[in-house]
Amino acid sequence: MNIVNKLTLRMLKENKRRTLVTIMGVIISVAMVTAVATLFSSFMDLLQKEAIANNGNWHVLYKDVDKKQLYEIKKDSESDTVFISKNLGYAELEGSKNPDKPYVQVKEYDSNAFEHFSIDLIEGRLPKTPKEIVISEHIINDGGVSLEIGQTITLQVGERYYKLDGEEGIAGDISSLIYNNGEIAETIINTVEKEYEIVGIIKKPNWEYSFTPSYTVLSYTHEAFIGEEDRVNASVLVKDLNRDIFDYSQKLAESLGIEEVSFNNELLRYHGVVEGDNLNRTFISLVSIIIAIIVIGSVSLIYNAFAISVSERSRYLGMLASVGATRRQKRNSVYFEGIIIGLISIPLGLVAGIGGIAITLSYINGMIQDVFHLETPLSVVVTPTTIILAIVISMLTIFISVFVPANRASKISAIDAIRQTKDIKLSRKKVKTSKLVRKIFGIEAEIGLKNLKRNKKRYNATIFSLVISIVLFLTVSYFSNTIQKATEMSNFNYEYDISVSLDHHFEGMDQELIESIRSLDEITEMNIIHYYGSIVGDVEKAKLSDSLQEELKKFPDMLEDGKYRYHVYVNVLEDEDLKRYAERINVDYEDLTNTENPTAILFNKNHFYDMDKEKYIEEEAVKLNIGEKITLQYSDWNTDQYIQLPEKVEIIAEETEQLPLGLYGSLHPGQFNIVMSKASFEKLAGDVNIQNGTTSDMYIKSSDPMKTAEDLEKMGINKNAIYNIYEYKKDDEKVLFIIGVFVYGFITLITLITVSNIFNTISTSIALRKREFGMLKSVGMTPKGFSKMINYESIFYGIKSLLYALPISIMIMYFIYKATEFSYEFNFFLPWKSIGIVIVAVFLIVSIVMLYSSSKVKKENIIDALKQENI
Amino acid sequence: MEILKVENLTKVYGKGETAVKALDNVSFSVKKGEFIAIIGPSGSGKSTLLHLIGGVDVPTSGKVLIDDTDIYALNETQLAIFRRRQIGLIYQFYNLIPVLTVEENMTLPLLLDGHKVDEENFNNITKVLGLENRLQHLPNQLSGGQQQRVSIGRALMNNPAIMLADEPTGNLDSKNSSEIIDLLKLFNKQYNQTLIVITHDEHIALQADRIISIEDGRIKKDEVIRG
């Protein structure tokens, strides 16, 4: 090893703390990149496995090839594995209880085909001769035919011939059973009698469609059994999978005279062979964005570490220069440092990244499989490409970080070392600080501020890394919030678990049944809403909602006689339920049951998407005051007439937050919800027979929705009337949880990087100032004053970095908002919580690091500190 | 034979009003094996002159020829290599690298060149310097005088054309000082090593063959004491 590298190594050992922090930073960075890449390759692998489970593991399929062509395909240099299959045809399945599946389809596979077409043996063994078969378990479970292993069956195997409206022909493999006026319009012809012994039962293959009229039975074939006249299908796995596969296979087929070639497109897509797929592209661009964020964060940390290292070493580099080290030798010493850091960190980072993902996935794998209804579990897959990609990105990260400091190192000249000029050149200008600072905070604060201002370069380096850290944290957490919010928005957001639509009407309701439902143990809350959707009410111009007022400017003829016709959705609650609701929102229940004058609660908040403004709007639905009475009309759709209801309804309360369980609150302009009692509604409607647009539903919140749904069925409620949305809600919750795991994992790691960055920068900056501190103490600064000075410096660091970072972050957040707006619409929101966390964290971290580093300096003897050579 | 020729050397720091002429049109030449003392008050420009001769600073105008090589006509890398092979620098504050051992510090110029150390020469020098038992020590385990001897060793290691010393005894007590000067003189005489020493110490200056005194960036006096 040459002397410069030896020197570098010793310097690294000498500065153990900084080296360790740098190594940790690089490890985290490499681990994150590896984790993202591994996750990507694991998902790709999962999708490939799914594709194999669904379609089989093959790339190219040559149809109807003869013995000679098969020989040529096998001989072809690109073919890796070739396996054959043959469709013998269809046969009646005696005793099938499924009217849509009266047949079995008989196929012959060779042993490779059994493996590659994902055949899952449940019982027995696979066939070894053309006289043996395995049967799909579906024949027994779905078809209700009792067949057993060891049994022999005779099948008349032929083609599906159909005759329909004068058309006739042979039905294809994916055509469902052909009917003509309710009669089956096909028969099996050209039959050959085959006798088979059942040797095993297989799981229903995924490629067996539920709509085709047959169950699968598989027999055995072998290349040697192929006669001169026989035609088989040859499936090929190629050696080197790339985009040329399409052209190559077509050409091969042409040259051999094979007419039909098909490709396993789904599988090829997940091998990245098929281009232009949206999912793939979104996936890849997402991965690239995440990796870019990681790289930016890591570069800012690693760059800082090296910049500090170079400035610490500038004296040695200068000395080296004075004894004749060339620029290159100086520069390479920094690169060498990068290589050493990389050699230690990259392998550890790879292990940590893969291990981290493996552990994470082992926890949430079951959930992922559930939510996405996967055949196979998501397993951690590490490909050489992943590793190489992670290594290359990490090396690039280190290189980018080292580039500038290395160049700076190369420029350090002997004279710098001899003159002991510092890395940070003091500005000659007088540093001005406001007199106010001294008056308010004392001389210590002033010195603190002057320290910062005078050493511009060091100060700026620290501020820069603080700013980067804050911006990264805020934007990443905003981005994650956006994803979470978007996911939440695209999901159901109902409070209830089960809804049951009731046969209308409340007079005709089976009260006994309702009571027995109410008494079910698991039900925590229940609400019955009788809803009337065909009632309108005229509202005068001044009382329209803001958006309607605006609309009115464009379309003045919306009004009729100076009034606008609102849709008034009337929700009548069962007395018991209304009582509970009234209590919850502090309304007197007695007032609601007033039979003299009908009364109602107005739910006065609409939440809708404005197409013109392209955003979500929340507003008052109508500007009605408490105590106001409105006239309502029933819109009879059959006669197209409006029938005025005999009584007016008085608004006795307004509510904007709490809705009765099950009430749909997201109404558009020109609509509002009112909640009434049965008694009030009967008075309001009088003799008017309201029929259109009325429904009655029961909304249930349950501690065990699955059991409740079963109980409801047992009680005789029609299965079709029960909507169990709990299942969807559960899936949504799981999706949110999975996203949360990754999002918070990512934020945690980014935070780790940024905190170590701040730690590194500040502690070094303090260590570099030992002599300065010694001097201050020598002229009589007390330890208390010293702490004060340090504290003020921390505060100035915090304020200054927040001053830059917050506006920058908010700007970036706004860009993210603008970018996601196209798919998900919600108003721009500032993540106050994260901002609050950041503000507290910045001061906390800065102060802790400052105190930690300065406590070391404080302990030092004044004379020793003074004697310290500069830098 | 002239080993060093300084021609019209001028060095100006700063610009415009604040410009300071540290060296003003200085010319002189040095023969091989000469021992020259440069004296002058603080700020007279003697350190600047030494740095310019040593090739670590760049002149505003003028030339420095060492062994007939115009060192400022070399590019940076060539100059670095020239410096490592032809010039030995000794500083007041030793400028040793704290993480390298005495042996490594001494052989640094050779190691930078990737050259093998000439064992005989090395042993010879360490013996003369009295460092043979300290080779594996780190600089901070040595006394000031010992550290300065290491830096002399380093300067000598490549058998340079010129040895330059900037107040080599400025940081030492009188006993150590005279030891260091004796060593320098020894190498000057024994190896015919050209030696230029900046000093405040009249006692040291008087031991030189020739004294150049500088004031306000100009040579005020150039007298040969013995020769």
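Every heavy atom of this structure was used, including side-chain atoms; hydrogens, water molecules and symmetry mates were not. Letters go in sequence order (proteins before strands), and every chain restarts at 1.
- Neither the backbone nor the side chain of A:K13 comes within contact range of chain B; no heavy atoms are under 4.5 Å apart.
- With respect to the salt-bridge test (charged N to carboxylate O, under 4.0 angstrom), the residues A:R10 and B:E104 qualify.
- Note that OG1 of A:T326 and CD1 of B:I81 are 6.0 Å apart. Values are rounded to the nearest 0.5 Å.
- Shown here is A:M24, whose CE atom has no more than 12 heavy atoms of other residues, nucleotides or ligands within 6.0 Å.
- Annotation: A:F403, atom CZ; neighbour count of heavy atoms from other residues, nucleotides and ligands within 6.0 Å does not exceed 12.
- Closest non-hydrogen pair, B:A80 versus A:A325, comes out as CB-O, 3.6 Å.
- By the neighbour-count criterion of 12 heavy atoms within 6.0 Å, atom CG of B:N75 is densely surrounded, having more than that number from other residues, nucleotides or ligands.
- Dense packing is recorded around CG of A:N407, with more than 12 heavy atoms of other residues, nucleotides or ligands lying under 6.0 Å away.
- A 4.5 Å side-chain heavy-atom check between B:R84 and A:Q329 finds at least one atom pair inside the cut-off.
- Of the two parts of B:R85, neither the backbone nor the side chain holds a non-hydrogen atom closer than 4.5 Å to a non-hydrogen atom of chain A.
- With a 4.5 Å cut-off on non-hydrogen atoms, B:L96 touches chain A through its backbone but not through its side chain.
- Heavy atoms of other residues, nucleotides or ligands lying less than 6.0 angstrom from CZ of B:R218 number 12 at most.
- The minimum heavy-atom distance between B:L112 and A:L320, with the atom names listed, is CD1-O, 4.1 Å.
- A side-chain donor-acceptor contact under 3.5 Å links B:R83 to the backbone of A:A321.
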